[in-house]
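Both counts, for ligands and for their atoms, begin at 1 and track the order of listing. No experiment lies behind these values; they were computed from the predicted model shown.
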Amino acid sequence: MQNETLKNIFVTGLRNAHAMESQAESLLNRQIERLDSFPDLKARMQAHLQETRTQQSRLDQILADLGESGSTMKDSALSFLGNLAAAAHMPAQDEVLKNSLASFAFENYETAAYKSLITVAEQVGAQNAIAPLKQSCSEEEAMAQFLQNNLDSVTKRYMQMSATGAL
Ligand SMILES: [Fe+2]
């Protein structure tokens, strides 16, 4: 990687993605706690929590290969998605709906972030980073797709439970 400015663009993108995944982890943890009435959604969230931790490790590895670290202190300084995360843990009767909408937005944001980062990796010739970034990107896309597919049934279940006083 010859050009320092371009390398910095890549490192900054990787750190932003790392901060995004830290946010994803806390978002998922908070939602999973309160999803007992929605077992399918809960199970998928738990699976994605594991994926999220693996995605963090991939970013750590890419940063380490560049001689950089993905520290958690830097993550908190970069928590630009704080508002979305806050919206997603406000307790309310319709929180499962709000969380499903926020999660769909979040997973699409993550997909876009990885797509952009893959372009940067290609442009700077970071060959070893491309495959792991593509893997993470496809996991985010799959999660967004699941949430989209699941929105209809979550909405109906929420309405039914509310109507019968089960929520
Ligand atoms: Fe994700």
Exercise. Should the pair R15-E68 be classified as a salt bridge under the 4.0 Å nitrogen-to-oxygen rule?
Worked result: yes

Problem set entry | Transitive ILVMFWY side-chain link L6 to I118, under 4.5 Å | yes

May I have the list of side-chain donor-acceptor pairs in residues 125-137 shorter than 3.5 Å, sequence neighbours left out?
from: Q135; atom 1: NE2; to: E139; atom 2: OE2; distance (Å): 3.0
from: S136; atom 1: OG; to: R58; atom 2: NH1; distance (Å): 2.9
from: S136; atom 1: OG; to: P132; atom 2: O; distance (Å): 3.3

Exercise. Checking side chain to side chain contact (heavy atoms under 4.5 Å, CB included) against E140, which of K115, Q55, Q145 comes through?
Worked result: Q55

Exercise. Given T52, which of Q23, M20, E25 fulfils the side chain to side chain contact (heavy atoms under 4.5 Å, CB included) condition?
Worked result: E25

For this session: Run through the protein N/O/S atoms less than 2.8 Å from the Fe ion (ligand 1) and write them out by chain and number.
Result: H48 NE2, E107 OE1, E110 OE1, E140 OE1

Problem set entry | Side-chain ion pair, R44 and D40, N-O less than 4.0 Å | no

